Amino acid sequence: RMRGRSRGTESKERRIRDGLTEAGYVLQSLDVYESENAEIISVRIRRPIRTRHAAVQEEIERACGYSLRCVRVAQSKSCVSFGFEKDAKLHAAAQICRTSGPGRVSGDATGECRIAGGRVCFALSDGMGSGKEARRESEAAIRLLFRLSYAGVRKELVYENVNRMLLAQNEAEIYATLDAVSIDLNTGEAELLKYGAPPSFLLRDGLVSAIAGEALPCGILAEAKPSVTHVHLRRDDRIVLCSDGVQDVLTEGVEEAIRQIESKECNTGEALLKLAKARGGSDDMTVMVIRVA
């Protein structure tokens, strides 16, 4: 991944350093550079930080004169590291509702990864069965997806290698579905990836549209390829992802259930889980609702 520096970088670094120092922070390192057409501000601050992390971002925004988007936070015993870039045109956040059987570890896993260049990826994975083994498999699928994406690997290779790497480390012949949404927050272009996952649903202007894709789950065949659907997202759009536990109970009625929930202006995720449990659902069930603003 190529890195460069533009005109004015040194003066910006000086303003950021002066602002953070005056605010009482002890800098260990500061680097402003360009990578993949995005300006990245990398800051490492000595612990302890006496104020909330958002205050660090506010100080840097004041020095830069524009809003920032946090793409990385890492903590160690001695310091806290941040990665920021200029804020994108759109924002996306996810609400997660889940349930599992009494005293049981859910086999579903969820995650979110902020990537430099104005991208964000949300993922929901359902490991085969339930319990710790299933959870370990679903977490591994998401972890591989995020690590490859964050490293800057081309998306086509990311999708292929998540399956191959999961298969290679899978000794117990346990597989997992993978449902992921990658969004470019500068353009609104989104990719919906599915490895054996049930349909997703796009909610826009009161209408509900199903987005389905046929593909095997991860970890079964090395040649398995995901289904990929492209969608252009707008402000106030929402995407609903459901694990198999929800889909198996509501079957073909998920889309109609969402329409009824939307007409009542209820919390979509919580209402779907409540309906699935009322119809006898006892498996691990997870609903992720991604909102674009």
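Just so it is clear, the values below take in all heavy atoms, side chains as well, and ignore hydrogens, waters and symmetry mates. Since the structure is predicted, the reported quantities are computational estimates derived from the model, not experimental observations.
Atom CZ of Arg46 is surrounded by 12 or fewer heavy atoms from other residues, nucleotides or ligands within 6.0 Å. Atom CZ of Arg15 sits in a crowded spot, with more than 12 heavy atoms from other residues, nucleotides or ligands closer than 6.0 Å. Other residues, nucleotides and ligands contribute over 12 non-hydrogen atoms within 6.0 Å of the CZ atom of Arg47. Heavy-atom contacts from other residues, nucleotides or ligands closer than 6.0 Å to CZ of Arg291 number 12 or fewer. Enclosure of atom NZ in Lys277 is not indicated, since only 12 or fewer non-hydrogen atoms of other residues, nucleotides or ligands lie within 6.0 angstrom.
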Quiz item: Passes side-chain contact (heavy atoms from CB on, under 4.5 Å), Leu124 versus Thr177? Steps please.
Solution: CA-CA 8 Å; Leu124 166 60; Thr177 67; over 6 Å; no
Self-check item: Stepwise side-chain contact (heavy atoms from CB on, under 4.5 Å) check, Val254 with Val240
Solution: CA-CA 10 Å; Val254 180; Val240 180; over 6 Å; no
Quiz item: Which is it for Ser42 and Arg72 under the side-chain contact (heavy atoms from CB on, under 4.5 Å) test, yes or no, and what are the steps along the way?
Solution: CA-CA 9 Å; Ser42 179; Arg72 178 176 56 84; 3.3 Å; yes
Self-check item: Verdict with reasoning, Glu255 to Phe201, per side-chain contact (heavy atoms from CB on, under 4.5 Å)
Solution: CA-CA 7 Å; Glu255 188 172 344; Phe201 300 90; 3.7 Å; yes
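Partners of Gln57 according to the side chain to side chain contact (heavy atoms under 4.5 Å, CB included) rule, which considers only residues two or more places apart in sequence or in another chain, are Glu61, Leu68, Cys70, Phe84.
At least one donor-acceptor pair closer than 3.5 Å links the side chain of Asn163 to the backbone N or O of Leu221. Distance alone, capped at 3.5 Å, places no donor-acceptor pair between the Ser106 side chain and the Asp284 backbone. Judged by distance alone, the side chain of Glu139 and the main-chain N or O of Ala109 form no donor-acceptor pair under 3.5 Å. Under the 3.5 Å distance criterion, the side-chain polar atoms of Glu85 are matched with a main-chain donor or acceptor of Gly118. The main-chain N or O of Ala176 is never found under 3.5 Å from a side-chain atom of Ser138 such that the two would form a donor-acceptor pair.
If you check the side chains of Lys194 and Thr229, you find no donor sitting under 3.5 Å from an acceptor. Side-chain contact annotation: Arg119 with Ser149, donor-acceptor N/O pair under 3.5 Å absent. For the residue pair Thr286 and Asp108, a side-chain donor N or O sits within less than 3.5 Å of a side-chain acceptor on the partner.
In terms of heavy atoms, Gly19 sits closest to Glu59 at O-OE1, 3.8 Å. The two residues Ile261 and Ala271 come nearest to each other via the heavy atoms CD1-CB, 3.6 Å.
Here OH of Tyr159 is found 11.5 Å from CG of Leu148. Values are rounded to the nearest 0.5 Å.
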